[in-house]
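Report on the following structure.
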Number of protein chains: 2
Amino acid sequence: MARPRGFDEETAVHRATDVFWRKGFHATSTRDLGEALELNPSSLYRTFGDKRRLFLRTLDHYRATESSDGCQRFRNANPTMDGLTDAVAAVALGSDAQAPDPAGCFVVNTAAEMGGTDPDIARRTETAFDLTRAGLADLLTRMRDSGEIPVEADPHKLTDLLFTLILGWRLRARAGHAPRDIRSSIEHAIGLLG
Amino acid sequence: MARPRGFDEETAVHRATDVFWRKGFHATSTRDLGEALELNPSSLYRTFGDKRRLFLRTLDHYRATESSDGCQRFRNANPTMDGLTDAVAAVALGSDAQAPDPAGCFVVNTAAEMGGTDPDIARRTETAFDLTRAGLADLLTRMRDSGEIPVEADPHKLTDLLFTLILGWRLRARAGHAPRDIRSSIEHAIGLLG
DNA sequence: CTCGTTCGGGAGCGATCGCTCCCGAACGAG
DNA sequence: CTCGTTCGGGAGCGATCGCTCCCGAACGAG
């Protein structure tokens, strides 16, 4: 009953994710959001509650798309050094490494901007981190089982190491480091581990 | 000539650094700064110009204190695995690892919040990064020369690897990961490299 | 059709933002 | 001392912030 909406809620969340991703929470105004989502204030607030709740929605949306894609990329990767390198590069640099996208990783940006003070935000960033770690652990375990890395290697320690490295590469991407430099940094790092 | 200032400019910059460090640029208001620096608006603006210029001053101050201290810690460290571990832990976790300080690293926070769009800020974050890399390269070269790591190891590649790891650990500290967990992550990582 | 409800649109709320201006007071120079 | 300049203090500027309210229009249910 009643008049149906003239917009798609998921599309709006997707657009809001882009804005928060690029500008961060505090630098994004509700007018920025209204413009990007093509929504007037009344529709925006009736649908999403307030700015913070919309931000939490975008974190959930990011996890369900970008973070899950990254996790799947590890699970689908060949259990070889080259497969690991390509998967890590894809995750660290974003899906299309060509685009001059200085957005980095939404979760990394959010963790740095908001710290661990807001429990709802901290829980979501940690969930996204868990996805990355789970994908890495899967790939590294398969590599060990297929003899690509030594049997005595501890996949959990390697996962923690590569996870921390990925955070660093994502931050470097956000800071404007050239994708070429990051790519070669990734290749050198994985070469050192092999 | 004329009336002298009733406050110390360097002390004010130091206090401003703390505020920006914890809250970030956009979440810090000029009234926050006035309160923390014990300065009224007229004194604040006459002395520092505007919010952005004061922010640049705090980045310079951070480099001259925290970043330089971190660099020196590497240069003064014993060229052993234990020396490396302790120095990395000190830099990644901050000077006093005891305090529950969720501030992380000011440079990492700033790079994530502001991206690489503002040239003045990007140049300063890169300079701070250079200090960390220089200290690391010095220690790793000394470790190679003293036979602590293989002669065929490339200090530049190792420097890049550990630098990226440190960014990751700093971000994890900001995100609220327990110092104990980060410390053991550091020990495991350096153990894997040795 | 009528009726109830949610819609899109827009004006505009009070609060806070970064910052400016004006003032008398407090110095140093001479 | 006088005089010139910068000081500390505070009111308050215009702009923007997050958000609310009110409206007629547009539907679905019956």
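Labels below follow one simple rule: chain letters A, B, ... track the order of the sequence lines, proteins then strands, and each chain is numbered from 1.
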- Message: I'd like to know if the side chain of B:W21 reaches the main chain of B:G104, judged simply by a donor and an acceptor atom lying under 3.5 Å from each other, with no hydrogens or angles considered.
- Response: yes

- Message: For the backbone of B:A122 and the side chain of B:T125, can you confirm whether one donor and one acceptor N or O come within less than 3.5 Å of each other?
- Response: yes

Rounding to an integer number of Å, can you tell me how far [X] [atom1] sits from [N] [atom2]?
| X | N | atom1 | atom2 | answer |
| --- | --- | --- | --- | --- |
| A:R5 | C:dT5 | CZ | P | 17 Å |
| A:K23 | D:dC17 | NZ | C1' | 13 Å |
| B:F55 | C:dG18 | CZ | P | 13 Å |
| A:F48 | C:dG8 | CZ | C1' | 15 Å |
| B:L39 | D:dG9 | CG | C1' | 11 Å |
| B:R53 | C:dC19 | CZ | C1' | 12 Å |
| A:E38 | C:dG8 | CD | P | 12 Å |
| B:L54 | C:dC19 | CG | P | 10 Å |

Which pair of heavy atoms, one from [X] and one from [Y], lies closest together, and at what distance?
| X | Y | answer |
| --- | --- | --- |
| B:A153 | B:L158 | CB-CD1, 4.2 Å |
| B:V107 | B:A128 | CG2-CB, 3.6 Å |
| B:A77 | B:G83 | CB-O, 4.0 Å |
| A:T164 | B:L165 | CG2-O, 3.5 Å |
| A:P155 | A:L140 | O-CD1, 4.1 Å |

- Message: Please identify which of these residues, A:R123, A:R53, A:R124, meets the salt bridge (charged side-chain N to carboxylate O under 4.0 Å, His left out) condition with A:D60.
- Response: A:R124

- Query: So, A:K51 and A:D32, do they make that salt bridge, N to O below 4.0 Å?
  - Reply: no

- Task: May I ask you to decide whether A:D130 forms a salt bridge with A:R133, counting only side-chain N to carboxylate O separations under 4.0 Å?
- Result: yes

- Message: Can you tell me if B:S43 touches the phosphate of D:dG8, counting only side-chain N or O atoms and a distance under 4.0 Å to OP1 or OP2?
- Response: yes

- Query: What nucleic acid atoms does B:T47 come within less than 4.0 Å of, heavy atoms only: base, sugar-phosphate, or nothing?
  - Reply: nothing

- What base-paired stems does DNA chain C take part in, with at least 3 consecutive Watson-Crick or G-U wobble pairs and both distances under 3.5 Å? C:1-30 with D:1-30

- Message: By the definition ring pair (Phe, Tyr, Trp, His ring centres under 6.0 Å), identify the one residue from A:F55, A:F20, A:F25 that meets it with A:F106.
- Response: A:F55

Would you tabulate the nitrogen or oxygen pairs shorter than 3.5 Å linking the protein to nucleotides 14-16 of chain C?
none

- Message: I need a per-nucleotide contact map over nucleotides 20-30 of chain C, read 5' to 3'. Cutoff is protein heavy atoms under 4.0 Å; write B for the base, S for backbone only, - otherwise.
- Response: BB---BBBSS-

- Note on the structure: Assign each of B:H26 and A:G6 the nucleotide of DNA chain C bearing its closest heavy atom; nearer the 5' end lies the nucleotide of A:G6

